[in-house]
Every structure is written in structure tokens, then in C-alpha cells.
Amino acid sequence: MKIFIVPKKLLILLCVVFLYSCQKEAATNASVQTGKSGSITRFTIAKNYLYVVTNHYLSVYSLSNPAKPEKVHTSDLNYDIETIYPYNNYLFLGTRTGLYIYSIDTASAPSLIGLAKHARSCDPVVVNDSVAFVTLKSSSSCGPAQAGLYIHDITDINNPVLKTTIPLPDPAGLGIQDSILYVCCGSNGMKVFNIKDPYSPTLISTQTDGNYLDVIPYNGILICDDMEGIILYDIHEPGKPVLIKKIS
Amino acid sequence: MPFDLPIKTACMKNLLFIFCILLLTSCWKFNPGYHSRPKVWGNKPVYAAVDSAKKILYDPVMHPLINAGNIYAFKDAIFQVDVGRGIHVIDNSVPANAHRVGFITINGCQQISIQGSYLYTNSYSDLVTIDISDPEHMKIVSRLANTFPEMAYDYPLIQPEESGYYECTGYREDSVIVGWVKDSIPQGCYKN
């Protein structure tokens, strides 16, 4: 009998702990709503902290008093940082020397856990499940890497592996909706890829309604950052964007 | 002793004269300086005192987009940074009828993120928190000064946006650049 009682007690204890952890998580998530950023950004909010990258620093601000952020941490990083992208428990830093991955298990003090070096370049990042999509721009200010879409396998988060490179003209921001990837290529249009097989994307179409800088897939609408304003597409069928409106 | 005085006075007079001459010549330029260089047509910085440049104002009318920057979607709104100038607010409640509704003037602005009722952005090297719970009356609620030291020297308008000659600039304690105007300037810096 005793043998059965002890596991039962343990089970109850475990359930209570589990419930409690859920409640806590829900409390922090439900009370405050964040929006969605484009992929080119140096500010991001996760776990009630604001993470900011400047050229050589990663800084962390506590938002426990949301009206008055307080700096709680700064890392001096020895590389030129371009962008920051949060995914699950990680921060992905696009830098001019590679893709750096930080764990935010301890949200107030991110720790470097993985990196994929590449030639000097600029690069926003988006992440889907176990795949990281990075665009590298090759311009005088960004460096000599071949411009294109770089796809990394991040199944082992500590050791990202470059799987595929697709040359693209002047790529910038990018975004994912379901199995569709949108890549902004400035005046060369916006490339729409099917990424069902993430390591061999197929180009579905190129949209040419503007000079595309960045995108946000948002509630069935694709918000495009255009040199002249904003372009909106209906993406209820993500592979077939339908132009809704150009805001100049 | 009685003879000493006039001699001394004469000496002093001479010294004073030499000193005056030296003082005058100190203004002479033996090497042509920046401002005596040949003039060219280019961009001249517009400075504003830090206090007035860092004022944050919400104007509930549309402003033209000058230099498109980062974008952010929050609820029914889209925010678009106008690099160095501020943030455009777009009403996206009906996407087919989406339109600009206002502009938040934030000089030195580049970044944006939002959580709950608060928009976080930068103004030069400061982290700024803006209460957006009442969209018609957005207001600044806190400012963390010089928390991004790199941005004090490297803010968007430190150089003009277009290529060509521009008047060289440097860090100033009491003022920042809020814009550029065309003028005849000494041939100095050049942007490719």
C-alpha cells in the first residue's frame, strides 16, 4: 500500500507545482500585450524585459515598472550588432560577423550559447521551429559576403549549421507566415518563398509594388515597410498575397 | 630713484605696445582654416538646444514620410519610424482604409517596441517611455538619459541623408542636430 501512496502524494505535489508554474506564466503574459516588430529592429521585449542592442552593447531593462524602465544588465560585445530577434527562450542577434544566440533562461542576464560565423555582412534574422533564416546584404558599408538568404539548422541550438544559401539582390527584412517566407529586396521586389522544405525553398512569386525594406505578417495582413510608406497585403492565403492598400 | 621712473615707464610703454601687436597678430591665420576654405553648395546642420530638441510632441495630423525606418504593429495600429524625426501612427482598423492619423515628434529616434500601454523608443542616447493608452493624448512618462552612450555621437541626423558636401560636425554638449539645410558652406566633409 505504502508504495502506492507515496507516488500519489508526489503526483499531487507535482500537479500543484505544475499548475502554479502555469498560473505564473499566464499572469505575466495575459496582463500585458506586446505587438509585433519588423525583423529589422534593435529593441525587443521578452519576459517583461526590454532588450536593446547598440553597435557593441546588449542592454537589458526591467519593465516591472513599465512606466519607468530600469537598466539591469549590459554586455560589452566585441562585434557590430545589427538586429535582435526573440524566439522562445532565446535571443538571436544578427551581427556583422555572424548569428549569435543567447539564452534568456535568466531573463535579466542573457548568456551566449551558440553562434554561426559568416563573412562580414548585415543580417536580420527570423526563426521558425528549428530553422533560422538570415539575410545578408552585401554593400560597401556591410561587407563583402555574397548577398542572399542564408538558412541555418538550429536543432542543436548550441551549434547552428548553415544548410542552404540562396543568392538574392539586396535583401533586407524578412517574415514568416505558416510555410511561406517573405524576403524584402528593396527595389528588386519582395520574394515569396514556399519553405515547406526549409532547406530548399521554392520561389512562388515576386511582388513589385514598392521598394521593400521589411515586413510584419500580422493577423492575416502582411504589413510592408516601403520607402514611400506602407503597403498592405491580404495573406489569408499566405502564398498568394493580394494587394489591399498603399499608404503614402 | 627719480631717474628710474621715466625709464621704467618708457619700458612699460614699449612692452605694452609689443604686447598689443602680438595680441593683434594672434588672430592672423598662418594656415588657412576651415572657414577660409573655398565655398561649395552643400548641406549645413541645423542645431537645436538639447532641451528643446528632446521635446516629445504628438500631432494628430498626418505628416509626410521622409526616411522610412522600423515598423511595429500593435492592436489596430501600425507605427512607422521616420529615422531621426519621430514615429508615424497609422490607423489599420480597416486595412482597406488604413491611413496616417498622427505623428510623434521624437528627434534622434530610430527604434520602437510596445508593451501594454507603453511605447519604448530612443531619442538620441536616451530611452524614452511614452504612454499611448489614450491615442489622442500620447505623452512622455519617463526618460532614461544617456543610457545608449554610443548613440550620443552616432545618431541618424549626424550626417545629411543625401550625398554630397556637408559642413563637418562634432559632438556638442549643449546642442544636437535636428535637420539639414542647403547653403554655401566651406568645402569640408563629403558623403558618398
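Both backbone and side-chain heavy atoms feed into the values below; hydrogens, waters and symmetry mates do not. Quantities reported herein were computed from a predicted structural model and do not represent experimental measurements.
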Checklist outcome for this item: Scored by heavy-atom pairs under 4.5 Å with chain B, the best of A:Arg42, A:Lys245, A:His56, A:Lys36 is A:Lys36
Item to check | Residue pair B:Ala73 / A:Ile216: nearest heavy atoms and the distance that separates them | outcome: N-CD1, 3.7 Å
Checklist outcome for this item: Heavy atoms of B:Ile112 and A:Phe43 approach each other most closely as O-CB, 3.9 Å
Next on the checklist: With chain A as the partner, which of B:Ile130, B:Ile66, B:Thr121 has the greatest number of non-hydrogen pairs under 4.5 Å?
Outcome noted: B:Thr121
Checklist entry - Which heavy-atom pair separates B:Pro95 from A:Ile221 by the least distance, and what is that distance? => result CG-CD1, 3.8 Å
Checklist entry - So how far is it from A:Lys68 NZ to B:Leu144 CG, rounded to the nearest 0.5 Å? => result 7.0 Å
Checklist entry - CD1/A:Ile223 to CD1/B:Ile78 distance, rounded to the nearest 0.5 angstrom? => result 4.0 Å
Checklist entry - Can you tell if the side chain of A:Pro69 reaches within under 4.5 Å of the side chain of B:Ser142, non-hydrogen atoms only? => result yes
Checklist entry - Which one, A:Gly38, A:Pro66, A:Ser59, A:Ser248, leads in non-hydrogen pairs under 4.5 Å with chain B? => result A:Pro66
Checklist outcome for this item: The interface call for B:Tyr120 against chain A, heavy-atom contacts under 4.5 Å, is both
Next on the checklist: Distance alone, cut at 3.5 Å: any donor-acceptor contact between the side chains of A:Tyr61 and B:Thr147?
Outcome noted: yes
Checklist entry - Around atom CD of A:Glu70, are there more than 12 heavy atoms of other residues, nucleotides or ligands at under 6.0 Å? => result no
Next on the checklist: Quick check for you: to the nearest 0.5 Å, what is the distance between A:Gln33 atom CD and B:Lys75 atom NZ?
Outcome noted: 5.0 Å
Item to check | Interatomic distance, A:Ser37 atom OG to B:Gln111 atom CD [nearest 0.5 angstrom] | outcome: 8.5 Å
Next on the checklist: To the nearest 0.5 Å, what is the distance between CD1 on B:Ile114 and CG on A:Leu50?
Outcome noted: 12.0 Å
Next on the checklist: Please classify the contact of A:Thr44 with chain B as side chain, backbone, both or neither, using a heavy-atom distance under 4.5 Å.
Outcome noted: backbone
Next on the checklist: Would you compute the distance between atom OH of B:Tyr72 and atom OH of A:Tyr218 and round it to the nearest 0.5 angstrom?
Outcome noted: 8.5 Å
Next on the checklist: Surrounding NZ of B:Lys139 (heavy atoms of other residues, nucleotides or ligands, distance under 6.0 Å), is the total greater than 12?
Outcome noted: no
Checklist outcome for this item: Applying a strict 4.5 Å limit to non-hydrogen atoms, the region of B:Asn92 in contact with chain A is side chain
Item to check | A:Lys240, NZ atom: more than 12 neighbouring heavy atoms under 6.0 Å | outcome: no
Item to check | Region of A:Leu232 in contact with chain B, defined by heavy-atom distances below 4.5 Å | outcome: side chain
Checklist entry - Given that the side chain runs from C-beta out, which part of A:Asp226 has a heavy atom under 4.5 Å from chain B: side chain, backbone, both or neither? => result backbone
Checklist entry - With a 4.5 angstrom heavy-atom cut-off, which part of B:Ile71 approaches chain A: side chain, backbone, both or neither? => result both
Next on the checklist: Please check if the number of heavy atoms outside B:Lys55 that lie under 6.0 Å from its NZ is greater than 12.
Outcome noted: no
Checklist entry - How close do B:His99 and A:Ile247 get, heavy atom to heavy atom, and via which atoms? => result CA-CG2, 4.3 Å
Item to check | Test item: side-chain donor near acceptor, A:Thr34 and B:Gln115, under 3.5 Å | outcome: no
Checklist entry - Using non-hydrogen atoms only, which part of B:Arg100 is less than 4.5 Å away from chain A: side chain, backbone, both, or neither? => result both
Item to check | Side chain proximity check, A:Glu228 to B:Leu65, heavy atoms < 4.5 angstrom | outcome: no
